[in-house]
Amino acid sequence: MKSIETSTVPAEPASTESKFTATRRGFLAASGGTAAAVAIGSRLLASAYARPAVNLGARTDLNFLMQRMTRGYNRTEMGYLLAVNATPAAYRDLLLDIAPTLPDTTADTWVSPLMTYLNLPPCNFVDPSLPGSCAPSQPYGVARHMLRWATIGRSVHTRNWLHDRLVELWSNHLSIHLDREAGQILKHWDDKTVVRPNAMGKFHTLLLASARSPAMLFYLDNYLNGVRSGTPPLPVINENYARELLELHTLAPKDRVLQSPPNNYTQEDVIAAAKIMSGWRIRMPGWPLYPQDMGSNWGEFHFDSNNHVSGKKKILDLEIEDALNPEEEGKTLLRYLADPTFVVPNGQFVADKTARFVAFKMLRWFLTPQPTQAQVAAVAQVYLTTGGDIKEMLRLILSPSYIQSANIVGPANPSLKFKTPYELMCSLFRATEASLEFHQGAERLVVELESMGNSPFAWGTPDGYPVDAQAWASNLLPRWSFCQRFFDRQGDSIPGINGVVLDDAKLAQMLTGDPNEFSLDNIAPDNLPGLIEDMLVGSGAMDPADKQAIASFKTALVATGQFSKPVIARHACSLAASLPSFQRF
């Protein structure tokens, strides 16, 4: 296979005045000047908070469900669903039960060159001079690049959208920073062997796989957790993983508002958990400054009984004596925290707390930023009765009654979600059916997402990227810029974002819904507000104020006499993508 160059990032093409491009100054002038732009910006800022002053219109339940289950609205897919009279429940079950069993040909083809690297165990990326590393050796940083590119490429091209959204959820819930030292050569294996295969399975199975993941062991320092010192001196007991296991992965932080009794674990419980999880290590022969665990291949999990803290430990109501196989102590703790079939005799049942926390996070991810206590309790009950079955929890979250309760029309809709930059990017691809060139397109999108603060696996702390609207409302300018350049053109075949392919023919087809329409010149500017609504959010689903803003903008562009129909269409689309009706969902 031809080598993939990873050392350079393509420069963004310089913006030039031409019949295909208006400068940002011209863009604002055409919209009625700075005052109009500020007014539009103020509405978007207002919409970013918990009770937005935006009305998404009369979305159908199918439309609402599509926005929650996939990477955004797509008029082609909606046409198919309407043609077969699909119900929301049937659509939900299609993506839950059928889609994961079907070939994901487009996405698999796109990522296949990357998988040549991503299918290699971590030891392939270590200096071959180190003891225990395997051959052939690859450049140290290449797996980090390949993972980010593959993640973006899958999200853009997948047809198994629900699985992709779950992978993003669990990657965020069990967050690992990709760029931290050895994480650069461990995280791709975590993605392949932990998150993706377990995204739709049982939560406690996912949790166990994560606890054994060398990427997680390294990121939260549990591989340093033991009874020996090294050179330089290392702590005897490292509490980092144990604390996050309780606070972020299972029982929830003590200050988390779940409308339920607080989780009463203490600092002593954290220490006990650390002792129970001691000895869970990574083979790192020859790695400077870290424990020199020899044998087998670099980057593999192994349990070191000599590094395990012996003796009785007690966490909450779980008492653990020395086990014949001390690794089982950690597995017992993980089951105690997350497996509802595990019950301590005459003791406290804590998996119900994990069930509530997982239910809360899944409801926020898929349904509403403000789930009710009744919803959390009902989804948690599914967790308890199904052994933590993620798919069955989703079946309730995405049920017709829950969708109807959240699909509320009005400017104070508490169920509206504000798109993260990653969701915004994916929804633009979904709405326009643009494609991504390999590999420069993905490389460029990493840079774009970094500027918006949402590049894959780059959140600095283990709590994962925030999903609250407030977290993203203070960085709107890069989002608007991204939307403008997504639709921009600098020449006959070069899009405004290098590697994003959205030619006039595809945009004309998506705007009109006519696969035989190949020219933006055939679209009357007066028709643009309705056509853009149909393409981006669906008929009747746009805030009337946003639709009027597009109409006024179009009128101003036409009045200048300086812009062709294709340019007017593209700029109107970029404005619409920046408005609350598209930034919210």
Side-chain angles (χ1 to χ4, degrees), residues 118-123 132 143 147 167 170-171 173-178 180-226 237-246 248-250 273-285 287 290-291 293-309 313 315 320 323-339 342 351 354 358 387-388 390 457 462:
L118 297 179
N119 283 333
L120 294 174
C123 59
L147 178 58
V167 167
W170 301 130
S171 296
H173 182 74
L174 303 167
S175 182
I176 296 173
H177 196 298
L178 177 61
R180 185 190 170 205
E181 300 180 47
Q184 298 183 48
I185 51 179
L186 294 171
K187 175 56 187 172
H188 78 284
W189 206 244
D190 177 271
D191 184 78
K192 174 182 172 63
T193 63
V194 176
V195 182
R196 291 189 177 277
N198 294 297
M200 299 183 80
K202 299 290 183 72
F203 180 77
H204 65 86
T205 303
L206 171 65
L207 184 69
L208 173 60
S210 174
R212 290 172 55 91
S213 167
M216 182 63 77
L217 287 166
F218 184 87
Y219 177 57
L220 291 181
D221 299 321
N222 202 47
Y223 76 111
L224 298 175
N225 179 27
I237 297 298
N238 190 296
E239 302 170 14
N240 287 357
Y241 176 74
R243 187 177 309 282
E244 309 309 352
L245 173 65
L246 300 180
L248 298 180
H249 299 173
T250 58
K275 291 178 179 179
I276 292 168
M277 300 300 297
S278 62
W280 291 46
R281 299 174 73 80
I282 315 168
R283 298 195 187 279
M284 303 179 75
W287 193 254
Y290 294 111
D293 296 321
M294 303 299 290
S296 190
N297 288 324
W298 196 100
E300 290 183 347
F301 168 84
H302 85 115
F303 181 79
D304 182 359
S305 58
N306 293 326
N307 227 280
H308 180 72
V309 178
K313 301 102 177 172
I315 173 173
I320 291 182
L324 183 63
N325 176 3
E327 183 184 351
E328 291 300 317
E329 294 184 13
K331 294 179 180 180
T332 299
L333 172 61
L334 294 169
R335 287 194 62 204
Y336 172 64
L337 293 173
D339 184 354
F342 183 87
T354 297
V358 172
I390 294 165
F457 317 116

pair Leu337-Leu246: side-chain heavy atoms closer than 4.5 Å: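 The answer is yes, as the side chains (C-beta and beyond) meet within the 4.5 Å cut-off.
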Mind checking whether Phe303 and Trp280 have parallel, tilted or perpendicular rings, split at 30° and 60°?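 The arrangement is perpendicular - the two ring planes meet at more than 60°.
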In terms of the angle between their ring planes, are Phe218 and Tyr223 parallel, tilted or perpendicular, with boundaries placed at 30° and 60°?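 Taking Tyr223 first and then Phe218, their aromatic rings lie parallel (interplane angle under 30°).
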What distance do [X] atom [atom1] and [Y] atom [atom2] have between them, rounded to the nearest 0.5 Å?
X: Ser213; Y: Leu174; atom1: OG; atom2: CG; value: 9.5 Å
X: Asp304; Y: Ile282; atom1: CG; atom2: CD1; value: 12.5 Å
X: Leu186; Y: Leu178; atom1: CG; atom2: CG; value: 10.0 Å
X: Leu333; Y: Ile320; atom1: CG; atom2: CD1; value: 6.0 Å
X: Thr250; Y: Leu334; atom1: OG1; atom2: CG; value: 8.5 Å

Quick check: does any side chain N or O of [X] sit under 3.5 Å from a backbone N or O of [Y], one acting as donor and the other as acceptor?
X: Asn225; Y: Asn238; answer: yes
X: His302; Y: Arg281; answer: no
X: Thr332; Y: Glu328; answer: yes

What pair of heavy atoms forms the shortest contact from [X] to [Y], and how long is it?
X: Arg180; Y: Leu220; result: NH1-N, 4.4 Å
X: Val195; Y: Leu206; result: CA-CD1, 4.3 Å
X: Ala242; Y: Ala274; result: CB-N, 3.5 Å
X: Met216; Y: Ser175; result: CE-O, 4.2 Å
X: Ala182; Y: Trp298; result: CB-CH2, 4.1 Å
X: Arg212; Y: Leu217; result: O-CD1, 3.8 Å

Taking only residues two or more places apart in sequence, or in another chain, which ones meet Ser278 in a side-chain hydrogen bond (donor to acceptor under 3.5 Å, both in side chains)?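 Applying side-chain hydrogen bond (donor to acceptor under 3.5 Å, both in side chains) to Ser278 gives His308.
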Considering residues at least two apart in sequence or located in another chain, which fulfil the side-chain hydrogen bond (donor to acceptor under 3.5 Å, both in side chains) criterion with Thr354?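 Listed in chain order: nothing, the list is empty.
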Might you work through the side chain to side chain contact (heavy atoms under 4.5 Å, CB included) test for Leu118 and Lys192, ending with a clear yes or no? CA-CA 8 Å; Leu118 297 179; Lys192 174 182 172 63; over 6 Å; no
Apply side chain to side chain contact (heavy atoms under 4.5 Å, CB included) to residues Tyr241 and His249 and explain how you reach the verdict. CA-CA 10 Å; Tyr241 176 74; His249 299 173; 4.1 Å; yes
Determine, stepwise, if the pair Tyr219 / Glu244 fulfils side chain to side chain contact (heavy atoms under 4.5 Å, CB included). CA-CA 11 Å; Tyr219 177 57; Glu244 309 309 352; over 6 Å; no
For residues 193-210, which residue pairs qualify under side chain to side chain donor-acceptor pair (under 3.5 Å), counting only residues two or more places apart or in two chains?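 Listed once each, the pairs are Asp191-Arg196.
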One thing to verify: whether Lys331 and Asp339 come together as a salt bridge, which I'm taking to mean a side-chain N less than 4.0 angstrom from a carboxylate O. no
